[in-house]
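Accompanying notes for the structure given below.
Throughout, numbering of the chain's residues begins at 1 and tracks the sequence.
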Amino acid sequence: MDVNKVILLGRLTKDPTAKTMPSGQEISLFTVATNYFWTDIKTKEKKESVEFHSVIVWGRTAKVANKYLLKGSQIYLEGRLKTSFWEDKAKQKHYRTEVVADSLSLLGSKKDADKQAEPGREEVTIEEVPVEEN
């Protein structure tokens with residue numbers, strides 16, 4: 001049995017980019033920053049590292065992400081890793097690894113954390129968003 005599972009809890013580095021595929025399916029592209037803290041063994045100094053994760057979300061979840069996520073929003077997501085590769089005109093190979101998220105929970109915005117609620121903006125979770133029947 002193989003497992004390809006990613007769980008992230010972090011903040012968006014900018015507003016999501018909404019795109020529509022030729023098939024008509026909506027996607028959402030965004031970057032999530034996560035922090036890692038540790039203490040240096042030799043110096044006992046506190047250290048921090050930041051990772052930036054490219055995320056793609058499809059379908060209904062993408063619609064929710066595009067509507068409710070903003071730069072600074074804190075989210076929890078689950079998904080899988082996918083690596084794409086291509087060759088440019090100079091025959092140079094390029095690789096890009098991204099998280100394909102299949103579920104996410106909106107935990108709040110950076111402004112909420114600072115106790116500055118944005119007027120007219122509501123916080124929701126995926127479970128609270130009404131299902132649109134076609």
Side-chain angles (χ1 to χ4, degrees):
M1 181 170 110
D2 299 329
V3 177
N4 181 353
K5 180 79 171 178
V6 174
I7 298 173
L8 296 175
L9 174 64
R11 293 194 181 273
L12 269 68
T13 60
K14 62 181 180 178
D15 292 349
T17 301
K19 292 190 176 186
T20 303
M21 302 303 290
S23 65
Q25 189 171 31
E26 191 170 339
I27 64 171
S28 181
L29 303 165
F30 51 89
T31 302
V32 174
T34 58
N35 298 316
Y36 177 72
F37 300 94
W38 76 96
T39 303
D40 185 285
I41 294 175
K42 292 180 181 178
T43 66
K44 306 297 184 209
E45 182 182 353
K46 301 275 185 197
K47 302 237 179 182
E48 176 184 10
S49 171
V50 180
E51 290 287 331
F52 299 95
H53 312 277
S54 297
V55 179
I56 182 168
V57 185
W58 294 81
R60 180 175 172 260
T61 308
K63 287 181 182 185
V64 172
N66 291 331
K67 184 173 182 179
Y68 293 104
L69 292 181
L70 293 170
K71 176 181 179 179
S73 294
Q74 186 178 38
I75 64 168
Y76 170 90
L77 66 84
E78 295 184 16
R80 62 185 170 85
L81 287 178
K82 181 180 185 305
T83 302
S84 304
F85 64 94
W86 66 94
E87 271 188 20
D88 61 18
K89 292 177 183 176
K91 302 290 185 201
Q92 191 89 353
K93 283 192 176 183
H94 299 271
Y95 296 89
R96 176 183 173 94
T97 301
E98 58 193 2
V99 176
V100 178
D102 50 34
S103 69
L104 59 87
S105 295
L106 292 67
L107 302 178
S109 68
K110 186 135 176 86
K111 290 182 181 183
D112 289 339
D114 296 336
K115 303 290 186 216
Q116 297 175 353
E118 183 178 337
R121 195 99 176 143
E122 58 183 297
E123 294 300 323
V124 298
T125 63
I126 294 291
E127 293 76 26
E128 295 172 335
V129 176
V131 176
E132 294 176 12
E133 298 294 327
N134 291 334

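- Side-chain heavy atoms closer than 4.5 Å link hydrophobic residues (I, L, V, M, F, W, Y) into clusters, and following such links, even through other members, never connects Val64 to Trp58.
- Expressed to the nearest 0.5 Å, how far CD1 of Ile75 lies from CG of Leu107 amounts to 8.0 Å.
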#### Entry: side-chain contact (heavy atoms from CB on, under 4.5 Å) between Val99 and Leu81, worked out
CA-CA 5 Å; Val99 176; Leu81 287 178; 4.0 Å; yes

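- Distance check: Gln74 CD to Leu9 CG gives 5.0 Å after rounding to the nearest 0.5 Å.
- Crowding of Lys5 atom NZ: a count of heavy atoms from other residues, nucleotides or ligands under 6.0 Å exceeding 12.
- Residues Val32 and Tyr68 are members of one and the same hydrophobic cluster, defined by side-chain heavy-atom contacts under 4.5 angstrom among Ile, Leu, Val, Met, Phe, Trp and Tyr.
- Heavy-atom minimum distance, Arg80 versus Asn4: CB-O, 3.4 Å.
- Here the closest non-hydrogen pair linking Pro16 and Asn66 is CB-OD1, 3.9 Å.
- Rounded to the nearest 0.5 angstrom, Leu104 CG and Thr61 OG1 are separated by 6.0 Å.
- Checking each of Thr13, Thr34, Thr31 against His53 for a side chain to side chain donor-acceptor pair (under 3.5 Å) leaves exactly one that passes, namely Thr34.
- At most 12 heavy atoms of other shown residues, nucleotides or ligands fall within 6.0 angstrom of atom CZ in Phe85.
- Within the structure, salt bridge (charged side-chain N to carboxylate O under 4.0 Å, His left out) pairs that include any residue of residues 85-107 comprise Arg96-Glu98 (at least two apart or interchain).
- Tracing side-chain contacts under 4.5 Å through hydrophobic residues (I, L, V, M, F, W, Y), one reaches Val57 starting from Val6; they form part of the same cluster.
- In terms of heavy-atom proximity, Leu70 sits nearest to Leu12 at O-CB, 3.6 Å.
- Residues Val100 and Leu77 do not share a hydrophobic cluster, defined by chaining ILVMFWY side chains whose heavy atoms lie under 4.5 Å apart.
- For the pair Arg11 (side chain) and Ala33 (backbone), a donor-acceptor distance under 3.5 Å is absent.
- One distance of note links CG of Leu106 with NZ of Lys67; it measures 12.0 Å at 0.5 Å rounding.
- One finds the CH2 atom of Trp38 at 5.0 Å from the OG atom of Ser49 (value rounded to the nearest 0.5 Å).
- Ring geometry for His94 against Trp86 counts as parallel: the plane angle stays under 30°, on a 0 to 90° scale with 60° as the upper cut.
- No continuous path of ILVMFWY side-chain contacts below 4.5 Å connects Phe52 to Tyr36, so the two sit in separate hydrophobic clusters.
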### Task
Assess whether side chain to side chain donor-acceptor pair (under 3.5 Å) is satisfied between Glu78 and Tyr76, documenting all intermediate values.
CA-CA 7 Å; Glu78 295 184 16; Tyr76 170 90; 2.5 Å; yes

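- Heavy-atom minimum distance, Ala101 versus Val55: CB-CG1, 4.0 Å.
- The nearest pair of heavy atoms linking Ala65 to Phe30 is CB-CE2, 4.2 Å.
- Within 6.0 Å of the CD1 atom in Ile7, the count of heavy atoms belonging to other residues, nucleotides or ligands exceeds 12.
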